There are 2 protein chains.
Amino acid sequence: MTADTATDTVLQSRSQTAKRVSIVEAAARVFCSEGFAGANIDVIAAEAGVSRQTVYNHHGDKETLFIAVVREITDRANARFFETLDSFPDRPQNLHAELVEFALRLTRNCICNRDSKFLRKMILMEGSRYPALFRHWREEGPGRVSSALAARFARLALTGFLELDDPDVAARQFFALINADLHVSTMLGDNPGEEQLRISADNAVKTFLRAFGQQPRSGLSA
Amino acid sequence: MTADTATDTVLQSRSQTAKRVSIVEAAARVFCSEGFAGANIDVIAAEAGVSRQTVYNHHGDKETLFIAVVREITDRANARFFETLDSFPDRPQNLHAELVEFALRLTRNCICNRDSKFLRKMILMEGSRYPALFRHWREEGPGRVSSALAARFARLALTGFLELDDPDVAARQFFALINADLHVSTMLGDNPGEEQLRISADNAVKTFLRAFGQQPRSGLSA
DNA sequence: GACGTTTTGGACAAGACTGTCTAAATTCTT
DNA sequence: AAGAATTTAGACAGTCTTGTCCAAAACGTC
């Protein structure tokens, strides 16, 4: 009964939603490379394969579009973050190797991908102009991810794999170390190769474990 | 003879150079908060306390002005960096405490100050548009600073204060750790308080020394 | 195939900005 | 204090951009 009309209303005409996402993707690309002020609606429309009027129909105006894009990308990036976090090695056979793999997933999915770059740029440039928008990013994103990672580390400490004073600090430092070698090149827009990523993750984990690693108590491994 | 005219030509009229730097400072502020595209020459002129025509007289056009500003700030920031590096504790009495102080100077002078923020923003946003400009930044700045810091760490390793596989990696990681707690808030433009800076530096050094610290061989201390 | 909705393309007004020009005012040098 | 150079304010042309409007075309649904 209402089901049909309801889903129709929600799903819209399929190509309508297709256009919607295509606009958001295009807008993200353009905002990212030109900045908010430098972004041009005509260019966004062209890149989305859509007429300018359609952009205005869907999103009202430049600022509204910008906000929609940031929201969307924020949510997607956060989802990705937690998804990646789920692959944390809670019961490692080989802590070093498994942490390196985890670090690699983190850099690939959450630091070097397009969404993350977009967010870094936009937060840095427009963060102070839209406090609410970016407070949301901070609290739902880095804030929660950091606590979640801290909890995983705390668990490893309990099992005797790590020796930690403060799991929250350790989590933040883990992120920092992962970024240490990549920071400069990602700022200039380079995309580090697989090789480079691996070396970098390995360096990070090596240092992290030098600082916090420990042999697990034997009884608990299996 | 020529001395007079020469110095005249170089020094210019004193207020002329005063205006020049005032324009550059104002431009830096405006570019920083609005981005290149969003920056408005009239605003820059007003903020420099100068007429628009004067801006054009001195710097020709917006892009030329931008390049001049980036160059100037890059050089200043680099100079500051090396100056700060000179206070590295080569013969520490108390390695932990002295590294913390050094880290604090580094965060204050080279990470949280206005010039550094400007450069981070501009490199992130316009880095790919002006490769030469920012290659210069990278090679003369982070690149050389990192090696220089690595050399200092290597020395501490020789004296037995540290145990290092690769001083270059250690240097990059030291920077990363120093930034670990500050990264998110500086992205949003917050200015961490003195308290926060100290805690953050202390966390960084604690972890760094857990990973690389060592009691120095007794013979070498005095 | 008819009907309602969405999309298109192009025209358009309004505003903003860059960069130039000029004549008058101010400042520097001597 | 005179002469040279710099600075100013304002006007101005030209361009670009945003956001609106509209009639025709395309699309999706029944």
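The chains referred to below are lettered A, B, ... by the order of the sequence lines, with proteins before strands, and numbering in each begins at 1. Everything numeric here is computed off the predicted structure, so don't read it as measured data. The figures here come from the full heavy-atom set of this structure, side chains too, leaving out hydrogens, waters and symmetry mates.
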Compile the donor-acceptor pairs under 3.5 Å between side chains in residues 144-153 of chain A and protein atoms, sequence neighbours left out, one pair per line.
{"unit_1": "A/Arg144", "atom_1": "NH1", "unit_2": "A/Glu140", "atom_2": "OE1", "d": "3.1"}
{"unit_1": "A/Ser147", "atom_1": "OG", "unit_2": "A/Gly143", "atom_2": "O", "d": "3.0"}
{"unit_1": "A/Arg152", "atom_1": "NH1", "unit_2": "A/Asp90", "atom_2": "OD2", "d": "2.7"}

Any [X] side-chain N or O less than 4.0 Å from OP1/OP2 of [N]:
X       : N     : answer
B/Lys19 : D/dA5 : no
A/His58 : C/dT6 : no
A/Thr54 : C/dT6 : no

Qualifying ring pair (Phe, Tyr, Trp, His ring centres under 6.0 Å) pairs with a residue from residues 105-148 of chain B, counting only residues at least two apart or across chains: B/Phe66-B/Tyr130
Listing, residues 101-111 of chain B side-chain donor-acceptor contacts under 3.5 Å, not counting sequence neighbours, or none:
{"unit_1": "B/Glu101", "atom_1": "OE2", "unit_2": "B/Arg198", "atom_2": "NH1", "d": "3.1"}
{"unit_1": "B/Arg105", "atom_1": "NE", "unit_2": "B/Ser87", "atom_2": "OG", "d": "2.8"}
{"unit_1": "B/Arg105", "atom_1": "NH2", "unit_2": "B/Ser87", "atom_2": "O", "d": "3.0"}
{"unit_1": "B/Arg105", "atom_1": "NH2", "unit_2": "B/Ser87", "atom_2": "OG", "d": "3.2"}
{"unit_1": "B/Thr107", "atom_1": "OG1", "unit_2": "B/Ala103", "atom_2": "O", "d": "3.2"}
{"unit_1": "B/Thr107", "atom_1": "OG1", "unit_2": "B/Leu104", "atom_2": "O", "d": "2.8"}
{"unit_1": "B/Arg108", "atom_1": "NH1", "unit_2": "B/Glu194", "atom_2": "OE1", "d": "3.3"}
{"unit_1": "B/Arg108", "atom_1": "NH1", "unit_2": "B/Glu194", "atom_2": "OE2", "d": "2.5"}
{"unit_1": "B/Asn109", "atom_1": "ND2", "unit_2": "B/Thr84", "atom_2": "OG1", "d": "3.2"}
{"unit_1": "B/Asn109", "atom_1": "ND2", "unit_2": "B/Arg105", "atom_2": "O", "d": "3.4"}

Atom-pair distance (CG on A/Asn57; P on C/dT8), nearest Å: 9 Å
d(CZ, B/Arg20; C1', D/dT6) in whole Å: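 In whole Å, D/dT6 C1' lies 13 Å from B/Arg20 CZ.
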Per-nucleotide protein contact string for nucleotides 14-20 of chain D, where B marks a base within reach and S marks sugar-phosphate only (heavy atoms under 4.0 Å, - for neither): ---SBBB
Side-chain H-bond candidate by donor/acceptor type, B/Thr64 with B/Asp61, under 3.5 Å: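 Short answer, yes.
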Residues in salt bridge (Lys or Arg N to Asp or Glu O under 4.0 Å) contact with A/Lys206, at least two apart in sequence or another chain: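 With sequence neighbours excluded, A/Lys206 shows a salt bridge (Lys or Arg N to Asp or Glu O under 4.0 Å) to A/Asp202, given in chain and number order.
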Distance-only donor-acceptor pairs under 3.5 Å for side chains of residues 21-32 of chain A, two or more places apart:
{"unit_1": "A/Ser22", "atom_1": "OG", "unit_2": "A/Ala48", "atom_2": "O", "d": "2.9"}
{"unit_1": "A/Glu25", "atom_1": "OE2", "unit_2": "A/Arg76", "atom_2": "NH1", "d": "3.0"}
{"unit_1": "A/Arg29", "atom_1": "NE", "unit_2": "A/Glu47", "atom_2": "OE2", "d": "2.9"}

